[in-house]
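Input: a single structure, listed below in structure tokens.
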Protein chains: 2
Amino acid sequence: MSKLTIKTLAKELGLSIATVSKALKDSHEISTETKKKVLAMAEQLNYVPNPYASSLRKQKSKTIAVILPEVADNFFSLAINGIQAVAVQKNYHVLIYLSHESFEIEKAVVNHCYSGRVDGVLISISSETTNAEHIQKLQSENIPVVFFDREFESLEAPKVITNDYESGYLSAKLLLEKGCKHPVFLSTSLSLSICSKRAAGFAAALSDTGLQTNNYQYVVDCTGTQEMIFDQVKDLLQKHKEIDGIVASVERLAMQIYMVSLSGHINIPKDLKVVAFSTLETAPILNPSLTTITQPAFEIGKSAAEVLFTMIEKKKHSIMADTTVILPSTLIERDSTAV
Amino acid sequence: MSKLTIKTLAKELGLSIATVSKALKDSHEISTETKKKVLAMAEQLNYVPNPYASSLRKQKSKTIAVILPEVADNFFSLAINGIQAVAVQKNYHVLIYLSHESFEIEKAVVNHCYSGRVDGVLISISSETTNAEHIQKLQSENIPVVFFDREFESLEAPKVITNDYESGYLSAKLLLEKGCKHPVFLSTSLSLSICSKRAAGFAAALSDTGLQTNNYQYVVDCTGTQEMIFDQVKDLLQKHKEIDGIVASVERLAMQIYMVSLSGHINIPKDLKVVAFSTLETAPILNPSLTTITQPAFEIGKSAAEVLFTMIEKKKHSIMADTTVILPSTLIERDSTAV
DNA sequence: ATGAAAGCGCTAACAC
DNA sequence: GTGTTAGCGCTTTCAT
């Protein structure tokens, strides 16, 4: 079966390729009659135009890139869902790239986005990313970039995020209300906007409440593989028996807190109250059910994609640069913070 | 900043575009000296070749498509991880398409894979898919296709799956051993190979054990949104108080069984023992911890991608058609089946 | 209303 | 070892 191009189609129909091309795009300069014939034949032979020939000619790819740290994470997979929903509607294709929290990989991946491979980029930065030159370069090549969730604060670009500071504040407030005397914020990388803002909110609540916070380390960083996180959490809780409340800044950390509690006979919520930033579906059926600050993950993805497409369509990227969409998270109290 | 093509590069270097092109691919017919100069300049200007021009010319896209029902599911996101791992290594790009369990969407998506958009397709079919003409057409256009997890049984194509029948058998066996007198298999769509095979294994275990199975419906189909599944499960358990054990054929179902048990004061494992086909990370910290049959999701994705790439590289698709890789699942006993 | 032809950026024969 | 050129499949001006 020789490949089916517009040329074969044209020959089959006894028309020129130009006419066929125009007919396929429903151009007004083609007679209704001809259009009908062309469409019918295209349908019959299941003609699908070569996307790359078209991309090359039109200098647009009908493709966007989504760069994220990880896909095996509820938040990110829900966000992908939201992104896909709008991409499909816009007739766009979605390339997925994973940075695995590595700055080097992220840079390499961003490099794939040049030269017309994609018309725009959605990115949630890695926890190692502390400068944004690679992303700026993308912008300077006129490739629109939108951050979602994990933004790079000092870079001018549209951002779709959640109310991290307020949520951090709320999480501490809740622990204090429930009687915690020594709550701790478990960060995953303070260079990450989401972590530093959540931590800042957390800190503000402590000081607002007049909690003694000198010589008391209430923000602890925790990174690495699941096993490494487990060890760090275990260590922390063993060395600091005074800790009676903990906020997990990301989902992965919550899991390990529970694992440590299981292994170390630490009772949640009696000995330790737990709040987690998380979109875990299983939060209500955990042992005990987990109090979460749930981000609107699908909506964040969807909204970020929408902003990206308006940039792609308007071709006026600068005009959107100060767009910041904030979609609030929801605190859902469950048993892990019960008194 | 005007766009950077091989032409500009060549002019900048005072060389022909052919020489530059060859130098970039490290062709042996170019002097080391020239190569060095070209590479240096390319590096300096951050030249990235236009992928679509290259694709058009070489008739290969360096891109694969992954078509799956859903991304917000542990199994699939882990599988994507595995796929990505090998794609990156092969310098390939990954397009993700979601069928949302819809046959119509799946067909539409498959249609995007023609005309050179991708060099190969990895697919896990939707629960509605009961014929594979769309996929056969792909094969007849010489686009290699590999199934992972959810295969289409009667289609000749490489498949990477888990030992569904044996696992189904094991799950029933376990429930019976734990004293269940009336275990039930909760399917999500018997047209899905994974469900029908798991159900068949389940049934075989019942009959091997000599359990009375006439006028006893031990396989129940359960589909729709989370809410619909919840209602169906609730209904089932209310109408059939005799059910004392249940196997969830997919992760989504397990969640709802737990939700029903919570809402209806059904005690797991006392009143009802539960086994789930699932890669849920949170299985050990559920209330009660969940006995799972855990599929090697990452490895399935990885292996499927590997098979696909050997097909892409060998260009001998037919030779692989009878490849079936079976990666066994692991039964992990936890409290949801405790006596 | 239809067609001829140029050219998007690249690769690969084929000269030289 | 380097350069010239045709052409991948498509879109789009410009003729007719």
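From a predicted model like this one, the values you see are computed outputs, not experimental measurements. Reminder, nothing fancy here: chain letters follow the sequence lines and each chain counts from 1.
Residues B/Asn50 and A/Ser115 bring no donor and acceptor atom of their side chains to less than 3.5 Å of each other.
In this pair, B/Tyr52 and A/Tyr52 present their aromatic rings parallel. The plane angle is below 30°, not in the 30 to 60° band.
Distance CG (A/Leu13) to C1' (C/dA1): 15 Å, rounded to an integer number of Å. Rounded to whole angstrom, the span from the CG atom of A/Leu24 across to the P atom of C/dA1 amounts to 17 Å. As a whole-Å value, the separation of A/Glu29 CD from D/dA15 C1' is 12 Å. In this structure, A/Ile30 places its CD1 atom 13 Å from P of D/dT12, rounding to the nearest Å. Atom NZ in A/Lys11 sits roughly 16 Å away from atom C1' in C/dG3 (whole-Å rounding).
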Evaluate the criterion side-chain contact (heavy atoms from CB on, under 4.5 Å) for residue pair A/Val38 and A/Thr19; output intermediate values, then yes/no.
CA-CA 9 Å; A/Val38 172; A/Thr19 307; 5.8 Å; no

For B/Glu306 and B/Lys302, run salt bridge (Lys or Arg N to Asp or Glu O under 4.0 Å): C-alpha distance rounded to whole Å, both residues' side-chain angles, the deciding distance at 0.1 Å, then the answer.
CA-CA 6 Å; B/Glu306 281 165 354; B/Lys302 179 159 173 271; 3.7 Å; yes

Below 3.5 Å is the cut-off: list the nitrogen or oxygen pairs between protein and nucleotides 6-10 of chain D, distance only.
residue	atom	partner	partner atom	Å
D/dG7	N2	B/Arg57	NH1	3.3
D/dC8	O3'	B/Gln59	NE2	3.0
D/dC8	O2	B/Arg57	N	3.4
D/dG9	OP1	B/Gln59	NE2	3.0
D/dG9	N2	A/Ala53	O	3.2
D/dC10	OP1	A/Tyr47	OH	2.5
D/dC10	OP1	A/Asn50	N	3.0
D/dC10	OP2	A/Ile6	N	2.5

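The minimum heavy-atom distance between B/Phe103 and B/Glu128, with the atom names listed, is N-OE1, 3.0 Å.
For B/Lys35 and D/dG1, a side-chain-to-base donor-acceptor distance below 3.5 Å is absent, hydrogens and geometry of angles not being considered.
Counting any heavy atom pair closer than 4.0 Å across all strands shown, B/Thr34 reaches sugar-phosphate atoms only and no base atom.
Side-chain N/O atoms of A/Thr19 include none lying less than 4.0 angstrom from OP1 or OP2 on C/dT2.
Between A/Ile300 and the options A/Val160, A/Val325, A/Ile161, a side chain to side chain contact (heavy atoms under 4.5 Å, CB included) holds for only A/Val160.
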